[in-house]
Amino acid sequence: MEDDAPVIYGLEFQIHIIDFDDENNIINKNVLLHQAGEIWHISASPADRGVLTTCYNRTSDSKVLTCAAVWRMPKELESGSHESPDDSSSTAQTLELLCHLDNTAHGNMACVVWEPMGDGKKIISLADNHILLWDLQESSSQAVLASSASLEGKGQLKFTSGRWSPHHNCTQVATANDTTLRGWDTRSMSQIYCIENAHGQLVRDLDFNPNKQYYLASCGDDCKVKFWDTRNVTEPVKTLEEHSHWVWNVRYNHSHDQLVLTGSSDSRVILSNMVSISSEPFGHLVDDDDISDQEDHRSEEKSKEPLQDNVIATYEEHEDSVYAVDWSSADPWLFASLSYDGRLVINRVPRALKYHILL
């Protein structure tokens with residue numbers, strides 16, 4: 001979130017590009033007009049900092065449709081040249097439309113996720129009960145539908161969210177619909193696992209552990225955050241029950257996967273230390289094979305036992321529902337949260353914990 005790592009969030013018909021000046025503790029911003037409609041979801045390309053997708057509402061024949069498109073921000077904004085917050089004379093600029101994701105045959109777009117590694121040419125969109133894999137071609141000016149799959153079952157099944165796993169050569173995507181989590185193989189678009197009744201109510205969000213390939217976190221309207229091992233989905237590995245209302249977001253720290261952020265309609269952001277199910281449960285990096293070896297030697301001294309999970313801090317700077325939380329891609333100790341009233345808050349991991357992890 002320093003000059004080379006903008007935070008991007010949608011505000012009705014605008015997109016605000018936010019830069020955080022860490023040295024001077026100053027937030028700078030630029031405003032981009034999103035004339036296509038009201039934004040419901042936004043996602044930045046991991047390969048090209050100037051490209052992003054939005055899901056937005058537009059009215060057609062008196063019906064409101066949720067569509068998706070790929071955009072490029074003005075070149076000068078990619079270099080981090082942003083206005084100061086007091087500069088009210090700055091005029092809003094317009095996004096350049098690269099292409100639409102044609103959803104006329106698939107319904108309303110819920111979200112778009114980018115392939116986490118690679119050249120930024122593959123994206124997946126979730127539209128009603130369809131999961132769609134797109135290839136971006138001709139400098140992202142054209143989106144070609146490569147393959148797709150559909151949810152099948154009783155009732156009106158609709159996807160609510162999805163995440164693309166950074167593991168398994170980026171061939172797996174996890175989705176949520178109603179109270180169910182599913183895993184998909186992007187090569188065949190076939191289902192590889194299903195966790196029915198993963199939550200007691202609607203699943204809002206999910207995220208993959210960046211360091212442990214089979215670990216997935218989910219959150220929902222039952223106020224819970226759950227952690228899963230996708231090799232054995234009969235029950236969660238761990239459950240957090242710290243929030244008092246719907247949990248909208250869960251995010252693993254990109255570098256230190258014991259750090260987990262959650263945001264909720266209870267207006268709170270909670271930073272948890274899930275060290276026992278992290279890649280460093282004993283204070284040093286281990287893999288799944290090491291864990292099984294250590295289980296065979298339970299009689300070893302207590303210093304070999306996993307460290308205890310705990311809530312590190314609860315942040316209450318928001319006065320309204322917290323709809324988004326995320327970590328900085330530039331500084332692993334920095335994170336941001338956004339609430340319904342438009343308040344953006346940037347916080348740091350407590351210094352004592354930072355040095356405890358590093359040392």
Side-chain angles (χ1 to χ4, degrees), residues 7-18 29-45 50-74 77 91-114 123-138 140-146 148-151 155-163 175-178 202-205 221 246 248-249 265 320-324 338-344:
V7 181
I8 307 175
Y9 65 92
L11 183 62
E12 202 175 354
F13 296 92
Q14 299 177 351
I15 288 177
H16 290 194
I17 309 297
I18 303 295
K29 75 172 182 180
N30 261 306
V31 177
L32 298 174
L33 295 179
H34 186 274
Q35 296 171 331
E38 184 180 6
I39 301 167
W40 287 95
H41 184 269
I42 189 166
S43 183
S45 166
V51 174
L52 59 125
T53 59
T54 60
C55 297
Y56 58 91
N57 282 355
R58 72 176 179 88
T59 304
S60 176
D61 297 329
S62 301
K63 292 183 179 180
V64 178
L65 303 174
T66 307
C67 306
V70 184
W71 310 86
R72 179 175 289 282
M73 67 176 72
L77 297 191
T91 56
Q93 301 182 67
T94 304
L95 288 161
E96 175 193 352
L97 174 66
L98 296 180
C99 65
H100 290 285
L101 303 183
D102 183 11
N103 64 323
T104 51
H106 302 109
N108 290 312
M109 292 285 191
C111 70
V112 176
V113 292
W114 294 81
I123 55 177
I124 276 181
S125 65
L126 303 178
D128 283 349
N129 66 323
H130 302 280
I131 176 170
L132 310 166
L133 175 62
W134 303 85
D135 285 330
L136 298 180
Q137 301 177 358
E138 305 297 329
S140 299
S141 64
Q142 185 180 8
V144 177
L145 185 61
S148 64
S150 301
L151 287 175
Q156 290 186 317
L157 301 178
K158 290 185 178 182
F159 288 112
T160 52
S161 63
R163 296 290 279 183
T175 62
N177 68 283
D178 198 20
L202 182 72
V203 179
R204 291 279 176 186
D205 195 25
D221 287 1
W246 304 344
W248 282 81
N249 263 138
S265 298
D320 214 329
S321 297
V322 178
Y323 284 160
L338 179 67
S339 52
Y340 178 73
D341 56 7
R343 176 177 292 183
L344 176 76

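Scope of the values below: all heavy atoms of this structure, side chains included, with no hydrogens, waters or symmetry mates.
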Look only at the side chain of Ser148 and the backbone of His130, and say whether a donor-acceptor pair between them is shorter than 3.5 Å. no
So, Thr94 side chain and Leu33 main chain: donor-acceptor pair closer than 3.5 Å or not? no
Find out whether [X] and [Y] are in side-chain contact, i.e. whether some heavy atom of one side chain is under 4.5 Å from a heavy atom of the other.
| X | Y | answer |
| --- | --- | --- |
| Leu202 | Trp246 | no |
| Asn249 | Val322 | no |
| Ser43 | Val113 | no |
| Val51 | Leu136 | no |
| His34 | Leu95 | yes |
| Ser161 | Leu126 | no |

Closest heavy-atom pair and its distance - [X], [Y]:
| X | Y | value |
| --- | --- | --- |
| Gly162 | Cys111 | N-SG, 3.8 Å |
| Ser140 | Leu98 | O-CB, 3.3 Å |
| Ile131 | Phe159 | N-CE1, 3.7 Å |
| Ala36 | Arg58 | O-CB, 4.1 Å |
| Ile17 | Met73 | CD1-CE, 3.8 Å |
| Leu101 | Ala143 | CD2-CB, 3.5 Å |

When you look at OH of Tyr323, are more than 12 heavy atoms from neighbouring residues, nucleotides or ligands closer to it than 6.0 Å? yes
Rounded to the nearest 0.5 Å, what's the gap from [atom1] on [X] to [atom2] on [Y]? Could you check?
| X | Y | atom1 | atom2 | value |
| --- | --- | --- | --- | --- |
| Met109 | Asp128 | CE | CG | 9.5 Å |
| Leu132 | Ile124 | CG | CD1 | 8.5 Å |
| Leu97 | Arg72 | CG | CZ | 12.5 Å |
| Leu145 | Asp102 | CG | CG | 9.0 Å |
| Asn108 | Lys158 | CG | NZ | 6.5 Å |
| Thr59 | Leu65 | OG1 | CG | 8.0 Å |

Determine, stepwise, if the pair Arg343 / Asp320 fulfils side-chain contact (heavy atoms from CB on, under 4.5 Å). CA-CA 9 Å; Arg343 176 177 292 183; Asp320 214 329; over 6 Å; no
Quick one: list whatever passes side-chain hydrogen bond (donor to acceptor under 3.5 Å, both in side chains) with Asn177, sequence neighbours left out. Arg182
When the ring planes of Tyr56 and His100 are compared, do they come out parallel, tilted or perpendicular, using 30° and 60° as the limits? tilted
Does Gln14 form a side-chain contact (heavy atoms from CB on, under 4.5 Å) with Leu32? I'd like the steps, not just the answer. CA-CA 6 Å; Gln14 299 177 351; Leu32 298 174; over 6 Å; no
Criterion side-chain contact (heavy atoms from CB on, under 4.5 Å) on Ile42 and Trp71, from CA distance to verdict: CA-CA 11 Å; Ile42 189 166; Trp71 310 86; over 6 Å; no
Test His16 against Val31 for side-chain contact (heavy atoms from CB on, under 4.5 Å), laying out the working first. CA-CA 5 Å; His16 290 194; Val31 177; 3.8 Å; yes
